[in-house]
2 protein chains.
Amino acid sequence: MSQESPKRPRGTALREQVMQTALELFSDRGYFNTSIHDIRRAADVSIGAIYHHFGNKEALAKALYDDLLMHMERDIDEACFGRGNCADRCRAIIARLFESTAESPRMMQFVLLAQHREFLRDEPPICSSRPFQAMKQVVEDGIRNGDVRAIEPWVAASAMFGGALRMMQLSLDNALERPLATYLDEVFECGWRAIRS
Amino acid sequence: MSQESPKRPRGTALREQVMQTALELFSDRGYFNTSIHDIRRAADVSIGAIYHHFGNKEALAKALYDDLLMHMERDIDEACFGRGNCADRCRAIIARLFESTAESPRMMQFVLLAQHREFLRDEPPICSSRPFQAMKQVVEDGIRNGDVRAIEPWVAASAMFGGALRMMQLSLDNALERPLATYLDEVFECGWRAIRS
DNA sequence: TTGAAAAACGAACGAACGTTCGGTACGCTT
DNA sequence: AAGCGTACCGAACGTTCGTTCGTTTTTCAA
């Protein structure tokens, strides 16, 4: 009788259970307002299991961060796939980011709003992480083939996606009246007008 | 012999000394990585003096936050003063924000990047603070008199200032090669193209 | 000069935290 | 069945932190 995790999760299931719980608590109350004992209680696992899988609290946060960045990167790659046009790509990226913000607000909260450098001391700033580099790359390609005006790449990337990212923050802060997706057309239109040639 | 604070500051001087030290430590290492004892040591004051003036650690952070928001609001008001034109106002606001970022990076770091809701639990999100409301108001006025296209105000404000704010973050993260001010023209141009009618 | 309020001081405290470690339970190979 | 390594358990530990409070110093009006 090989029952599949009847009550307490074991192995990989436990690992994921802890990470999901940690994400909830970290994004709700913040890293420093969440103790390992809080996670232990909420995830219904033991202290020892957490330390067995992650080593320490910081490493747990790092595992979570890496996992979420990977998801985000995959989202962006998928959005670009099959679209050669710069404008189409940018629009698809924003659309995907808006979807993720609506579907997994905690994930976006953690990736965008959390001050990782406060607890992941020698992690590079988020602007140099793969997903953000990919967004900048799309705009640079647009400049190279003339779809986008010849301006400083950082400025172009900030102009194209800065408004969208700000709208995502507003949405996470519950400052918007309507669902984030309903603003997509206007947000993209603004960003594109800013940089198109 | 009424010597003016020869060694140890007293009264208002001490209060400001503590706040300045707290700003340095909070923006460098973060709120939770800075203990009251750290501030005591760095500011060369006593624990008792800090508690006498601020009550507790959270209240110290709140006093700092309020003070910095006030400065920022005054900066924005001054930038708008005497300029009736929406585009001129927006440009002046961005210019002033860029100056402040270069002159007082710690202040901007603390106001923009710090996750205040982690330690100032019932503080409203920064987007609803006075300075940000003022920026939105400028854009709304522009919509009303036709300088700006008729779009959702939040979208317009995000498009106009989102790129600039993102550039400020990049600058604080040392991701830019040149001084922030040198990007001003391009950044404003992008924002304005995004929303002008 | 005096007296009382305000400001400053800092040793001490208790709670909470991240982590350790000696142990048990389980699954797999021999 | 025996041996072994991995997974899991949780009481206990040492440290750090925010805060308290009895005391001393300074200020200033009377």
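First the proteins, then the strands, lettered A, B, ... as listed; each starts at 1.
Atom CG of B:Leu60 is separated from atom P of D:dT19 by 10 Å (rounded to the nearest Å). At whole-Å resolution of the value, CD1 in B:Ile36 and P in C:dA11 are 17 Å apart. Separating the NZ atom of B:Lys62 from the P atom of D:dG18 is a distance of 20 Å, rounded to the nearest angstrom. The distance between atom CG of B:Asp38 and atom P of D:dC17, rounded to the nearest whole Å, is 6 Å. One atom, CZ of B:Phe119, and another, P of D:dG18, lie 13 Å apart when rounded to the nearest Å. Residue B:Tyr51 contributes atom OH, which lies 6 Å from atom P of D:dG18 at whole-angstrom precision. Spacing between atom CD1 of A:Ile47 and atom C1' of D:dG10 amounts to 8 Å, rounded to whole angstrom units. Between B:Leu14 atom CG and D:dT27 atom C1' there is a gap of 15 Å when expressed in whole angstrom units.
Phosphate contact (OP1/OP2 of C:dA8, side-chain N/O of B:Ser46, threshold under 4.0 Å): absent. Close to D:dC17, at under 4.0 Å from its OP1 or OP2, lies no side-chain N or O of B:His37.
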(request) Begin from the C-alpha positions of B:Arg74 and B:Glu78 and carry the test salt bridge (charged side-chain N to carboxylate O under 4.0 Å, His left out) through to its verdict. (result) CA-CA 6 Å; B:Arg74 205 204 45 201; B:Glu78 283 179 11; 3.5 Å; yes

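Residue A:Arg121 places its CZ atom among more than 12 non-hydrogen atoms of other residues, nucleotides or ligands, all under 6.0 Å distant.
Looking at heavy-atom distances under 4.0 Å, B:His53 makes contact with sugar-phosphate atoms alone, never a base. If you check every strand for non-hydrogen atoms under 4.0 Å, A:Thr34 touches sugar and phosphate atoms only.
Minimum atom distance to the side chain of B:Lys57 is reached by D:dT19, of the listed C:dA8, D:dT19, C:dT19. Residue B:His52 places its side chain closer to C:dA8 than to any other of D:dC9, C:dA8, D:dT19.
Annotation: of the two residues near DNA chain C, B:Arg40 and A:Phe32, the 5′-most nearest-nucleotide partner is B:Arg40. Nearer the 5' end of DNA chain D, as judged by each residue's closest nucleotide, is the contact made by A:Ala49, out of B:Gly55 and A:Ala49.
Annotation: cation-pi geometry not satisfied between B:Lys57 and B:Phe119 (NZ/CZ under 6.0 angstrom from ring centroid, within 45° of ring axis).
Salt-bridge check for A:Arg91 with A:Asp88: failed, with every basic side-chain N at 4.0 Å or more from each acidic carboxylate O. The pair B:Arg144-B:Asp141 counts as a salt bridge, with a side-chain nitrogen and a carboxylate oxygen less than 4.0 angstrom apart.
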